[in-house]
There are 2 protein chains.
Amino acid sequence: MAHPAEDVRPPTMADVAREAGVSHQTVSRVLSDHPNVRAATREQVTLAIERLGYRRNSAARALVTRRTRTLGVIAVNTALYGPASTLTGLEEAAREQGYLVSTVSLRTGEGQGLKDAVDHLASWGVEGVVAITPQRSHVQALAELDAPFPVVTVEGGHQLDLPGVSLDQELGARMVTEHLLAAGHETVWHVAGPDDWLESEARTAGWRTVLEENGIRPPRVLTGDWSPLSGYRAGQELAGLALARRGATPVTAVFVANDQMALGVLRALRETGIRTPGQVAVAGFDDIPEAEYFPPPLTTVRQDFAAIGRQSIGLLVNHIEGRARKAEHLLVEPQLIMRASTRPSNES
Amino acid sequence: MAHPAEDVRPPTMADVAREAGVSHQTVSRVLSDHPNVRAATREQVTLAIERLGYRRNSAARALVTRRTRTLGVIAVNTALYGPASTLTGLEEAAREQGYLVSTVSLRTGEGQGLKDAVDHLASWGVEGVVAITPQRSHVQALAELDAPFPVVTVEGGHQLDLPGVSLDQELGARMVTEHLLAAGHETVWHVAGPDDWLESEARTAGWRTVLEENGIRPPRVLTGDWSPLSGYRAGQELAGLALARRGATPVTAVFVANDQMALGVLRALRETGIRTPGQVAVAGFDDIPEAEYFPPPLTTVRQDFAAIGRQSIGLLVNHIEGRARKAEHLLVEPQLIMRASTRPSNES
DNA sequence: CACGCTGTTGTGAGCGCTAACAATCAACCT
DNA sequence: AGGTTGATTGTTAGCGCTCACAACAGCGTG
């Protein structure tokens, strides 16, 4: 294996053909599992391939077939647990289907960034893109961009005619809220995520619906930005309300729109001397790995990110290969994880 | 099959050439910013490109230049905060340099998975790979794989002759340990990460060195697996030791090898009625976004993931473009973030 | 004016592969 | 036997691009 020159080119199909004593076309047939090749020939070729360490040149292949077998993923905020997990799911599913996946992470979706990302991917000839862009404005921008390939959204809502996959956020919120009401709470307060986010809207909607179904007038919604800090601030406000006790609606249960904010709420309550769940029950959303170790362990809603990834890729590939035409929208079921933070206790 | 319009092929360089009234070669020159093109001609071509919505075919380009301008990333455990953040940094840096980045996430690095990942990327003709494989066995396996392209490791240590970038884990551990000793603690206990991990080893080494430098015999090391649960277990053991009080080495300060385990330790201490930092000070490593909202806010070590990503890509590109030959190893400086969990209090 | 130079443009070949078609041969039928 | 079939293999022509080189203009120089 002495490499005298660095420039030794990798073997080509012609090299293999020569080595096996057949034509390059036969080599091609073996590689693409064409049925009409004699077993003996096939073996010759396979052996030659192995001897030379041959590997098909994907660029040449792409050039002639006009298929790059490459998918793009555009994601915002990839360091967060949710997007990161979805990414993993996407990537695995795509690899199984024989696609290469290329990711573009945006810090936070400025409109220009999105366009650049699409451009970047387009210039590499991706055949389709999955966009994890959970803000309404992004989905809007994406729809208007009119990309030259199919686009599937994750958590992109279904108001526009882009196909997509989402967790049933509303159902998740309903489950939490119902769980809290069932535990005997008179009402449930809510710390929502930022306005523009579709997940945020759906969770708030689910919460509101359940309250209204039970004839309860929903209390004022507090709003955060998903960060622990914003949760902390909301928690301080809630703590104030809980202690004041003169308002018509007592604060004994809070549904926080994600686990990180819930962490902040818990801290604020603790600092104010309010016991959880004794005086105020708290629930979150996402089930991040830390949630089980929060003080106290957090009741939350788990998302099956792997399933979301698999379904998105499935949908995208269907579009690419022309098996789907319309803007289908799939929902994945969430799962309620009950932990100590909403456990009914002996205290009032 | 009634898609008459679906089959319109994207415009080629020849189309642009015809539109602009020049040869395809001139178009190519404009596209690659060749200096010897008359300004007027250049404008003609640019206009034609715009009119037709032309885009260079990357496959054809790759075929003739033998450069795919694609990089691979192999990462284990991408849903964790650290790897996910590094990934973002890598991806941005690569895009800036005009490379496409394709990620392969492995659940947890079985040897076969690694080989498959390299194969997958190789079959797409990546020009180099960044591997975020922080376990010694992975790096070993990677070195033995002898990939047909340069490989740069992140947190891969420098004992093998693979170039790489790492945070100066040992320095980080030293900073924490010194900080705790300076606060007056007689000794510092340590909850380490799993054995095979290089980060784990380096953090333990840094801690041990500082103790020895100060003439303190390091207490027994507890070991976890990075998860909050394992930290919780270690915390229970430490709580037992702290309360027993008959051992020669008092438990008043603990350096936990990552924040998630520290969360578990904190919970165990709290449940046993031990106050933090009053009775036992606790420090972590990573500075995950939640750390600031732990009970109490956690002293920890912050890593500059963006810098790590940028440097890895820089190193890799240098190797690809032949500007670097030897297995250089870069270190990134950590930053100590001091919070309440190690704040000296009035109690002894 | 012949010569070389530089700047600008065009021509032709070929990267490594697949798709379409042609060629060959054995087997089978009437 | 002659023709038809089907399986197997080879031949040829590009895919869209870049590279090497040729061609030609305009210019200054001896």
Side-chain angles (χ1 to χ4, degrees), chain A residues 7-46 48-49 52-70 98 100 122-127 148, chain B residues 7-46 48-49 52-70 98 100 122-127 148:
Chain A
D7 287 331
V8 282
R9 292 192 186 170
T12 74
M13 205 169 251
D15 296 330
V16 175
R18 201 174 317 112
E19 174 86 9
V22 297
S23 76
H24 64 128
Q25 177 61 350
T26 300
V27 177
S28 172
R29 275 191 274 255
V30 169
L31 253 41
S32 22
D33 273 326
H34 190 100
N36 292 349
V37 178
R38 238 187 8 195
T41 312
R42 185 180 299 273
E43 192 163 343
Q44 288 294 314
V45 172
T46 313
I49 288 176
L52 300 181
Y54 169 73
R55 208 163 232 152
R56 243 186 325 201
N57 179 321
S58 61
R61 222 165 117 69
L63 178 57
V64 67
T65 58
R66 295 152 198 290
R67 298 277 321 258
T68 55
R69 297 199 74 84
T70 297
L100 186 75
S123 78
W124 252 270
V126 297
E127 298 185 36
Chain B
D7 285 331
V8 282
R9 293 194 187 169
T12 74
M13 204 169 253
D15 296 331
V16 176
R18 200 175 317 113
E19 175 86 10
V22 298
S23 76
H24 63 126
Q25 177 59 1
T26 300
V27 178
S28 173
R29 276 193 273 257
V30 170
L31 253 41
S32 23
D33 274 326
H34 190 100
N36 292 349
V37 178
R38 238 188 6 196
T41 313
R42 186 181 298 275
E43 192 163 344
Q44 287 296 312
V45 172
T46 311
I49 288 176
L52 299 182
Y54 170 74
R55 206 163 235 153
R56 244 188 324 203
N57 178 321
S58 61
R61 222 165 117 70
L63 178 57
V64 67
T65 58
R66 295 154 199 287
R67 299 273 327 254
T68 55
R69 296 199 73 83
T70 297
L100 186 75
S123 77
W124 253 271
V126 297
E127 297 185 37

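Lettering of chains follows the sequences in order, A, B, ..., and the numbering in each one begins at 1. Just so you know, these numbers come straight off a predicted model, no measurement behind them.
- For A/R29 and D/dG10, the shortest distance from a side-chain N or O to OP1 or OP2 is not below 4.0 Å.
- One atom, NE2 of B/H24, and another, P of D/dT18, lie 10 Å apart when rounded to the nearest Å.
- Comparing B/P35 and A/T65 by the nucleotide of DNA chain C that holds the closest heavy atom to each, the one mapping nearer the 5' end is B/P35.
- Judged by distance alone, the side chain of B/S32 and the main-chain N or O of B/H34 form no donor-acceptor pair under 3.5 Å.
- The two residues A/S123 and B/S58 make their nearest non-hydrogen contact at O-CB, 3.6 Å.
- Remark on the helix from C/dC1-D/dG30 to C/dT30-D/dA1: inter-end axis angle 50°, axes from five-pair C1' superpositions, rounded to 10°.
- Between A/V37 and B/Y54, it is A/V37 whose nearest contact on DNA chain D lies nearer the 5' terminus.
- One finds a side-chain N or O of B/R61 lying less than 4.0 angstrom from the OP1 or OP2 phosphate oxygen of D/dT18.
- B/S28 has no side-chain polar atom (N or O) that falls below the 4.0 Å cut-off from OP1 or OP2 of D/dC17.
- Protein chain B contacts DNA chain C from C/dT8 to C/dG16, reading 5' to 3' and using non-hydrogen atoms of the protein with a distance under 4.0 Å.
- Between the side chain of B/R9 and the base of D/dG16, no donor-acceptor pair under 3.5 Å is found.
- When each of D/dC15, D/dC17, D/dT9 is scored by its nearest atom to the side-chain atoms of A/T26, the top-ranked nucleotide is D/dT9.
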